[in-house]
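Atom set for the values below is all heavy atoms of this structure, side chains included, hydrogens, waters and symmetry mates excluded.
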Amino acid sequence: MDSVEDKFRAWEIEAELQQLKEQLKIPYSQRESRGSSSHSSPGASASVTDEKYRRFYQILELQPDASLGEVKQAYRRLAKQWHPDFFAHNPPLQRKVQAKFIEINEAYRVLCKLPR
């Protein structure tokens, strides 16, 4: 039988996953309050790259000017929080958490420029 803490933790994670799903349905450029750049401008590819990196910083819950040390620290914290092994008691929830964990790993790999 699940404890109250386990049920609450599962509820929190479910709510956060739902919020993330909703955010992913909206293009990043529309989530930002800043104006979007035109894709026909010469700097469009740079802005797309910038948006990609901003998204990775957002996944790690950091500001875009975060240092490499802060990136590593945030990665470790989130990897512990979202590791799928902690949710082995609930396979459906574990599969959802795996998606978040993969996203965290990808953000860390890109921001630290690690090879695949």
Side-chain angles (χ1 to χ4, degrees):
M1 187 165 157
D2 289 342
S3 69
V4 173
E5 290 85 11
D6 289 339
K7 289 179 182 178
F8 184 74
R9 176 88 173 126
W11 175 80
E12 282 182 321
I13 291 169
E14 193 67 38
E16 190 166 347
L17 285 171
Q18 185 61 34
Q19 182 182 11
L20 288 170
K21 285 180 185 177
E22 292 300 319
Q23 286 178 351
L24 290 174
K25 289 179 183 176
I26 302 169
Y28 185 83
S29 60
Q30 292 178 5
R31 283 184 257 155
E32 281 291 310
S33 59
R34 297 170 58 184
S36 62
S37 63
S38 171
H39 288 292
S40 61
S41 67
S45 63
S47 67
V48 170
T49 303
D50 291 344
E51 288 180 19
K52 175 180 145 186
Y53 281 102
R54 270 190 248 127
R55 183 178 179 293
F56 288 135
Y57 281 108
Q58 184 181 30
I59 289 168
L60 294 179
E61 301 173 0
L62 294 171
Q63 294 297 318
D65 61 346
S67 69
L68 182 59
E70 290 172 319
V71 169
K72 289 180 179 182
Q73 191 175 38
Y75 168 75
R76 289 184 190 118
R77 178 179 50 80
L78 290 169
K80 285 179 185 176
Q81 178 182 349
W82 289 96
H83 198 284
D85 288 350
F86 291 126
F87 303 93
H89 65 283
N90 188 341
L93 182 59
Q94 185 180 31
R95 285 189 292 277
K96 292 177 182 178
V97 169
Q98 276 178 329
K100 173 74 173 172
F101 190 67
I102 289 169
E103 199 173 56
I104 291 166
N105 283 318
E106 176 72 5
Y108 177 71
R109 184 189 64 78
V110 170
L111 294 177
C112 291
K113 297 186 179 22
L114 299 175
R116 277 194 168 179

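Heavy atoms only, all atoms of each residue included: Val110 and Lys52 are closest at CG1-CE, 4.5 Å. The two atoms that bring Leu60 and Leu111 nearest to each other are CD1-CD1, 3.7 Å, heavy atoms only.
A salt bridge is defined here as a Lys NZ or Arg NE, NH1 or NH2 lying under 4.0 Å from an Asp or Glu carboxylate O, and Arg55 with Glu103 meets this definition. A salt bridge links Glu106 with Arg109: the distance from a Lys NZ or Arg NE/NH1/NH2 to an Asp or Glu carboxylate oxygen falls below 4.0 Å.
With a 4.5 Å cut-off on side-chain heavy atoms, Lys96 and Pro92 do not count as touching. Between Asn105 and Tyr75 the shortest side-chain heavy-atom distance falls below 4.5 Å. The closest side-chain heavy-atom distance from Phe87 to Gln98 is not below 4.5 Å. Arg77 is listed as a side-chain neighbour of Glu61, based on a closest heavy-atom distance under 4.5 Å.
No side-chain N or O of Tyr57 forms a donor-acceptor pair with one of Asp65 less than 3.5 Å apart.
Leu62 and Tyr53 fall within the same hydrophobic cluster, where Ile, Leu, Val, Met, Phe, Trp and Tyr residues are linked whenever their side-chain heavy atoms come under 4.5 Å apart, directly or through other members.
Glu70 contributes a side-chain N or O that, together with a main-chain N or O of Ser67, makes up a donor-acceptor pair within less than 3.5 Å.
Distance CZ/Phe101 to CD/Gln94: 11.5 Å, rounded to 0.5 Å. In this structure, Glu51 CD and Gln58 CD are separated by 11.5 Å, a value rounded to the nearest 0.5 Å.
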Determine all donor-acceptor pairs shorter than 3.5 Å in which one atom belongs to a side chain in residues 78-86; sequence neighbours excluded.
| from | atom 1 | to | atom 2 | distance (Å) |
| --- | --- | --- | --- | --- |
| His83 | ND1 | Asp85 | N | 3.1 |

